[in-house]
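Only this structure's heavy atoms are used, side chains among them; waters, hydrogens and symmetry mates stay out.
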Amino acid sequence: LCGAARPEESANESHPLAPCPVVVACQPGGSTSGSSGADGAPSAQAPRERKCSVISVLVSLNSILAAGAVASGHPAADTTRTVGTVASYPFQVGERLDFSAKFGMLRVGDASIHVAEVDTVRGQPTFLFRFTLEGGNFLFKISNLIESWTSVANFSSLRFRSDSKENDKTYLRDYDIYPDSGYYRQRGKEGHQPTPSQPLDDASLLYFVRTTPLEMGKSYRFDKYFIKEKNPLVIRVLKRERMELPDGTKVDCLVLNPVIDDKGMFADRAEARLWITDDERRIPVQIRSKYTWGTVTLRLEKISLTTAD
């Protein structure tokens, strides 16, 4: 599964998981520029700026849902785990993880991560990973479905689909990925583009980290994202921290810091964090990213085992 890790270097490419550009008229510390007149009284611009902040939170949830995907670097080649059958993976078919999405103390949405079933793509057995996000209020609503078909035999992504709806606008991306031939193709577009030999997409990356040993204090850089020019990604394993699971038990978690470029939700200044259990399950417990206008957090609320659809 794993390629050889290289010493950490600064990532120099923007990643597609970075949030969409949104204008937010907030300053660090909570002050809002342009929200009052010369006499200090609130201006008509203030409600619009507050609305922009709310919309920023909701749009950013699309990126946070996939934050675990970014936080999935790999160690040196000698730590590769032998896989190839469904039973050899640390997750089960039917496993579903449900998260609350919060902006500070305010709940703004719900997300889920699901090993939906074992499907078949081009004759190969594949895991179908399914991520969902629902969020919004009376101003703005967002609904996102991400699906990944990933080979059981070698854990390479073979198909990836993202279907997002923001109010009345729909955004669909659908890719067929051919690792053996070294290219991927986006449905509805002409031509094809190069891809790594063992490509991973936004969803399968999260499950990849659950199969991969990570060592405390180390940093990892890799080039496995299926859109080749968007690599590399850098992961830092910062520390261990006790976290509480939905059933009340407390477990040790590894705290990972994904870093991509010098802007966006995974820049150093965003202090993005992913907590995963430090055991053979590697369950993602919490995902967090900071902005000048506040902190957005996904927190694990429920673990369940469901039957295939």
Side-chain angles (χ1 to χ4, degrees), residues 1-2 5 7-8 17 64-83 87-102 104-105 107 110-115 127 129 131 155 200 203-222 224 233-260 265-266 268 270-290 295-305:
L1 278 180
C2 307
E8 177 189 337
L17 301 181
I64 293 235
L65 177 63
V70 177
S72 51
H74 59 80
D78 60 1
T79 60
T80 299
R81 181 180 299 186
T82 301
V83 294
S88 64
Y89 289 90
F91 45 82
Q92 300 181 61
V93 175
E95 178 196 79
R96 179 183 170 114
L97 308 177
D98 291 288
F99 296 81
S100 62
K102 291 185 177 182
M105 298 298 293
R107 188 164 184 150
D110 298 281
S112 69
I113 300 173
H114 187 197
V115 187
F127 290 113
F129 301 129
F131 292 10
F155 216 75
L200 299 171
S204 59
L205 275 164
L206 175 59
Y207 289 94
F208 174 67
V209 75
R210 295 180 64 182
T211 70
T212 305
L214 297 172
E215 296 185 34
M216 183 65 57
K218 290 194 174 182
S219 296
Y220 303 87
R221 167 181 166 147
F222 62 97
K224 296 177 74 71
L233 310 179
V234 175
I235 306 301
R236 297 168 182 161
V237 185
L238 300 181
K239 59 182 179 178
R240 286 187 180 87
E241 191 170 296
R242 296 283 284 180
M243 297 288 284
E244 187 172 314
L245 295 179
D247 64 1
T249 60
K250 293 186 177 181
V251 296
D252 287 333
C253 290
L254 293 176
V255 183
L256 310 181
N257 170 216
V259 178
I260 301 172
M265 70 178 295
F266 298 118
D268 264 338
E271 299 181 32
R273 298 290 187 270
L274 167 67
W275 285 257
I276 61 171
T277 60
D278 189 18
D279 55 26
E280 62 181 11
R281 299 171 299 171
R282 289 295 172 90
I283 295 172
V285 176
Q286 182 169 273
I287 303 167
R288 186 193 72 198
S289 191
K290 291 184 178 180
T295 300
V296 180
T297 304
L298 289 182
R299 181 62 187 260
L300 182 63
E301 298 283 344
K302 183 180 179 181
I303 303 173
S304 57
L305 188 64

Stepwise, does the side-chain contact (heavy atoms from CB on, under 4.5 Å) test hold for Thr277 with Leu245? CA-CA 9 Å; Thr277 60; Leu245 295 179; 4.3 Å; yes
Should Leu214 and Val209 be marked as a side-chain contact (heavy atoms from CB on, under 4.5 Å) after you check the CA-CA gap, both sets of side-chain angles, and the distance that decides it? CA-CA 8 Å; Leu214 297 172; Val209 75; 3.7 Å; yes
What do the steps show when you test Thr249 against Glu244 for side-chain contact (heavy atoms from CB on, under 4.5 Å), and what is the final call? CA-CA 6 Å; Thr249 60; Glu244 187 172 314; over 6 Å; no
Intermediate values then yes/no, salt bridge (Lys or Arg N to Asp or Glu O under 4.0 Å), Asp252 and Arg240: CA-CA 6 Å; Asp252 287 333; Arg240 286 187 180 87; 5.7 Å; no
Val296 vs Ser289, side-chain contact (heavy atoms from CB on, under 4.5 Å): CA-CA, chis, key distance, verdict: CA-CA 6 Å; Val296 180; Ser289 191; 5.6 Å; no
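Closest heavy-atom contact between Lys239 and Met216: CA-SD, 3.3 Å. Of all heavy-atom pairs spanning Trp275 and Ile287, the tightest one is CE3-N, 4.4 Å. The heavy-atom pair separating Leu300 from Pro284 by the smallest distance is CD2-O, 3.8 Å. For Lys302 against Pro246, the heavy-atom pair with the smallest separation is N-CG, 3.7 Å. Closest non-hydrogen pair, Arg107 versus Lys102, comes out as CA-CG, 4.0 Å.
Phe91 and Phe155 have tilted rings, their planes meeting at an angle from 30° to 60° on a 0 to 90° scale.
The closest donor-acceptor contact from the side chain of Thr212 to the backbone of Phe208 lies under 3.5 Å. A donor-acceptor pair is defined here as one N or O able to donate and one able to accept, closer than 3.5 Å; no such pair exists between the side chain of Arg299 and the backbone of Phe99. Checked by atom type and distance alone, the side chain of Ser100 never pairs as donor or acceptor with a backbone atom of Asp110 at under 3.5 Å. No donor-acceptor distance shorter than 3.5 angstrom exists from the side chain of Ser112 to the backbone of Leu97, with no hydrogens or angles considered. Within the 3.5 Å criterion, the main-chain N or O of Val237 finds no donor-acceptor partner in the side chain of Asn257.
Remark: Glu241 CD to Asp278 CG distance equals 12.5 Å, nearest 0.5 Å. One distance of note links CG of Leu274 with CD1 of Ile235; it measures 8.5 Å at 0.5 Å rounding. Rounding to the nearest 0.5 Å places OG of Ser304 at 7.0 Å from NE2 of His114.
Taking the six-membered ring for Trp, Tyr207 and Phe129 have ring centres closer than 6.0 Å.
Looking at heavy atoms from C-beta onward, Thr297 lies out of side-chain contact with Lys290 at the 4.5 angstrom threshold. Proximity of Ile276 to Ile283: side-chain heavy atoms (C-beta onward) are nowhere separated by under 4.5 Å. You'll find the side chain of Arg273 stays beyond 4.5 Å of the side chain of Gln286, heavy atoms only.
Ion pairing between a basic and an acidic side chain is recognised when a charged N comes within 4.0 Å of a carboxylate O; Glu280 and Arg282 show no such pairing. Ion pairing between a basic and an acidic side chain is recognised when a charged N comes within 4.0 Å of a carboxylate O; Glu95 and Arg210 show such pairing.
Remark: Gln92 CD is loosely packed, at most 12 non-hydrogen atoms of other residues, nucleotides or ligands lying under 6.0 Å away.
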